[in-house]
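Order of listing sets the numbers, starting from 1, for every ligand and every atom in it.
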Amino acid sequence: MLNNKYPFTLPALPYGYNDLEPVLDSETLQYHHDKHFQAYVNNLNAALQPYPELQQLTLRQLLDGSHPLPEAAKTAILNNGGGVYNHDLYFKGLSPVTSGKHMPEGKLLDLINQTYGSFDQFKALFTKEAMSVFGSGWTFLVIDTNGKLSIVNTKNQDTVVPMNLVPLLIFDVWEHAYYLIYKNLRANYIEGLWTIANFPVL
Ligand code: MN
């Protein structure tokens, strides 16, 4: 996604609308992917439409701060570009309860054990951070260029791209991600996410 350029298109959901049950229901996925994610794509394209020079830049170049963005479009590009990147990661980072790598393995598990003591301690800390996001935002497990892990929260649709961090795990803690099924109970949504979240192989 970070190498994509204008015009951006909505990536297909990599599983069926019912496939993440019982954690996320079909209505939640339809609204989240087809309405919210689509809106970020549409609004990013609309923000770039008047600027042919920005249409030549990749999403990474739009988000990483390396190219000055016009004041009139900067907020719209960063918010919607961030929404596109974060949602692409989020949906690709989930898979049905019965498939995927819902536990880290190999080098990533070693790094988690070294950094946090155990997977359970990592999970508890990550959950605490995700619960602490006030308002709308995201919680990431990231790795930096030195191979060091950390847990990072961002506000709204801010990404970890300007910090030059690579996301390994991402939880969307906007209410739109869970409100239809969990109402105000973010903790129950996060508990469920651990059973459908995928860990990459390092
Ligand atoms: Mn979302």
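- A ring-centre distance under 6.0 Å is not found for Phe126 and Tyr116.
- Evaluation of the ring pair (Phe, Tyr, Trp, His ring centres under 6.0 Å) test over residues 38-85, restricted to residues two or more places apart or in two chains, returns Tyr40-His87.
- Using cut-offs of 30° and 60° on the angle between ring planes, the pair Phe37 and His33 is perpendicular.
- The number of protein N/O/S atoms found under 2.8 Å from the Mn ion (ligand 1) is 4.
- No hydrogens or angles considered: nothing links the side chains of Ser118 and Asp120 as a donor-acceptor pair under 3.5 Å.
- Side chains of Asn153 and Thr139: a donor on one and an acceptor on the other come within 3.5 Å.
- Taking the six-membered ring where tryptophan is involved, the planes of Trp194 and Phe199 are essentially parallel, since the angle between them stays under 30° and well short of 60°.
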